[in-house]
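A, B, ... follow the sequence lines: proteins, then strands. Residue 1 opens every chain. Computed from a predicted model, the values in this text were never measured in an experiment.
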Number of protein chains: 2
Amino acid sequence: MNRRMSPEARREALVQAAIRVIARGGVAAATTRAVVAEAKMPLGAFHYVFTSRDELLSEVVHTITDGERMAAELALLEGAGLEATVAAALASYLDLLIADPDRELALTELSLYGLRHDPALARRQHQLYFLEMEAVLRQVAERCGIRWTEPLPELARRLIVVTEGITGTWLADRDTDAARGVLRAVAAWVAASAERVDA
Amino acid sequence: MNRRMSPEARREALVQAAIRVIARGGVAAATTRAVVAEAKMPLGAFHYVFTSRDELLSEVVHTITDGERMAAELALLEGAGLEATVAAALASYLDLLIADPDRELALTELSLYGLRHDPALARRQHQLYFLEMEAVLRQVAERCGIRWTEPLPELARRLIVVTEGITGTWLADRDTDAARGVLRAVAAWVAASAERVDA
DNA sequence: GTCTATAAAATGATAGAC
DNA sequence: GTCTATCATTTTATAGAC
């Protein structure tokens with residue numbers, strides 16, 4: 001068996017291991033020892049590809065906030081009405097959250113870590129998040145044959161605010177029914193900011 | 001000068017010092033040494049009133065989540081319309097956030113710490129948060145002479161979701177104008193779930 | 001290149017002088 | 001009761017054997 005790995009593969013393996021460790025026990029639990037143990041590597045391998053624990057955590061922050069969070073919102077319905085489409089997109093995000101709460105908790109912690117450690121980077125990645133949401137809204141408009149009656153950035157921000165809020169609230173109380181209720185109300189709210197396009 | 005303090009006063013002083021340390025550098029920075037230094041006490045004094053660092057952090061979590069977050073929402077306007085009243089309440093919360101972002105960042109971190117360390121306690125305190133918001137909504141209804149047309153728990157949850165979302169989003173991008181925009185839209189949204197009471 | 005063994009620093013907790 | 005000095009543990013980081 002060849003134990004030799006490329007440095008890039010080793011870094012990636014350690015980043016993924018770190019995410020799993022953080023999901024289980026929080027950022028504080030992500031010691032170099034815990035991470036290499038999770039990745040089934042000897043301790044020495046760590047400093048072979050990372051100069052410090054902070055460098056690993058920065059790479060983790062960079063990796064996970066790089067669009068991973070919004071992926072689910074792209075799961076749009078075919079041929080459904082506007083409100084149903086928005087509701088379905090939010091619901092698919094909620095399903096992802098429910099399927100792996102520890103992971104989402106870890107993402108939240110890492111987001112805070114990034115905010116403290118490198119606010120400028122956190123801000124840039126937050127910006128990408130907005131752009132992605134705007135793209136989703138444009139896609140929704142096209143599929144449903146509507147036009148948004150309010151500025152896209154404002155609508156995108158409302159959805160991001162609500163998404164973050166639902167995440168935080170559900171992580172605290174795990175009340176799925178209540179979360180779905182909010183979600184439906186939000187879908188109706190957002191759908192009210194659209195008008196039909198007569199083609 | 002009498003250096004003697006009652007154990008209760010000492011505990012409280014250490015808790016307040018811990019909150020300041022956490023606001024500056026996160027939960028990870030709240031080492032026993034850092035906290036006693038902030039409180040201007042010798043290291044030995046720490047274990048004189050706390051058996052462990054975890055006990056201090058638990059007390060901090062208990063203290064801060066104990067209704068401190070919602071205090072601002074009680075700042076209601078006199079004699080204003082419904083939408084303006086809700087908007088003013090949300091705006092006063094936002095002002096508090098802007099006035100001391102590090103503190104709110106610390107509260108968020110501590111909330112996550114509590115969620116990991118003692119989920120049951122975190123859940124109970126989250127519940128209190130809901131009840132407080134419902135009380136605010138009842139108060140608003142009374143002052144504005146309206147009746148809510150949707151279940152109070154659902155309205156309260158929507159407002160908590162939005163409040164958490166605005167907090168997280170503003171902490172990330174510090175875009176105050178955008179936050180105020182969301183806030184106004186939310187006030188209109190919530191105000192739509194009410195009808196006049198003819199007395 | 002890989003990994004074991006160890007150094008160096010930080011931290012939680014305590015013992016014992018005053 | 002108070003606080004200094006110290007211990008034991010944990011952790012990051014590195015040196016050196018293979």
Side-chain angles (χ1 to χ4, degrees), chain A residues 1-62 106 109-110 113-114 116-118, chain B residues 1-62 106 109-110 113-114 116-118:
Chain A
M1 175 189 170
N2 184 11
R3 269 130 131 196
R4 197 128 161 219
M5 289 175 82
S6 75
E8 300 81 43
R10 207 178 274 277
R11 282 176 76 97
E12 179 58 22
L14 285 169
V15 165
Q16 291 304 323
I19 292 175
R20 290 194 298 273
V21 170
I22 292 168
R24 282 201 302 270
V27 173
T31 64
T32 54
R33 280 172 169 74
V35 172
V36 295
E38 174 72 24
K40 296 196 167 86
M41 288 181 201
L43 182 54
F46 182 87
H47 286 281
Y48 185 73
V49 289
F50 285 108
T51 58
S52 71
R53 176 178 179 262
D54 270 357
E55 190 186 308
L56 167 67
L57 288 179
S58 291
E59 180 119 343
V60 170
V61 169
H62 195 277
E109 273 182 289
L110 283 166
Y113 178 89
R116 254 191 211 293
H117 189 266
D118 189 346
Chain B
M1 174 188 169
N2 184 13
R3 270 130 133 195
R4 198 133 160 213
M5 287 174 82
S6 75
E8 299 81 43
R10 209 178 271 278
R11 281 177 76 98
E12 179 58 22
L14 285 169
V15 165
Q16 291 304 323
I19 292 175
R20 291 194 297 274
V21 171
I22 291 168
R24 282 201 302 270
V27 173
T31 64
T32 53
R33 281 172 171 75
V35 172
V36 295
E38 174 72 25
K40 296 195 167 86
M41 289 181 199
L43 182 54
F46 183 87
H47 286 281
Y48 185 74
V49 289
F50 284 108
T51 59
S52 70
R53 175 177 180 262
D54 270 358
E55 190 185 309
L56 166 68
L57 287 179
S58 291
E59 180 121 343
V60 169
V61 169
H62 195 276
E109 273 181 292
L110 283 166
Y113 177 89
R116 254 191 210 292
H117 188 266
D118 189 346

Atom CD of Glu8(A) and atom C1' of dG1(C): how far apart are they, to the nearest Å? 15 Å
Among the nucleotides dG12(C), dA13(C), dA5(C), which one has an atom lying closest to any side-chain atom of Leu43(A)? dA5(C)
Among dG1(C), dT2(D), dA13(D), the one nearest any side-chain atom of Tyr48(A) is dG1(C)
For Arg20(B) and Ala39(B), indicate whether the former's side chain and the latter's backbone hold a donor-acceptor pair under 3.5 Å. no
Spacing of Phe50(B) atom CZ relative to dA13(C) atom C1', expressed in whole Å: 15 Å
Under 4.0 angstrom between Arg33(B) side-chain N/O and dT11(C) OP1 or OP2: no
Please report the interatomic distance CZ(Arg11(B)) to CD(Gln16(B)), rounded to the nearest 0.5 Å. 13.5 Å
For residues Ala29(B) and Val21(B), report the shortest heavy-atom separation together with the two atoms involved. O-CG1, 3.6 Å
Rounded to the Å, how far apart are His47(B) NE2 and dG16(C) C1'? 16 Å
Between C1' on dG1(D) and CE on Met41(B), what's the gap in Å once rounded to a whole number? 14 Å
Thr31(B) side chain: which of dT2(C), dT11(C), dT14(D) is closest? dT11(C)
Using atom CZ of Phe46(B) as one end and atom C1' of dT6(D) as the other, report the distance to the nearest whole Å. 18 Å
Mind calculating the distance between CZ (Arg53(A)) and P (dA10(C)) to the nearest angstrom? 15 Å
Looking at Thr32(A), I'd like to know whether one of its side-chain N or O atoms comes within less than 4.0 Å of OP1 or OP2 on dT11(D). no
Taking CG from Leu14(B) and P from dG12(C), how many angstroms apart are they, rounded to a whole number? 13 Å
Find the distance between CD1 (Ile22(B)) and CD (Glu38(B)) and round it off to the nearest 0.5 Å. 11.0 Å
Which nucleotide in dT4(C), dT11(C), dA13(D) has an atom nearest any side-chain atom of Pro42(A): dT4(C)
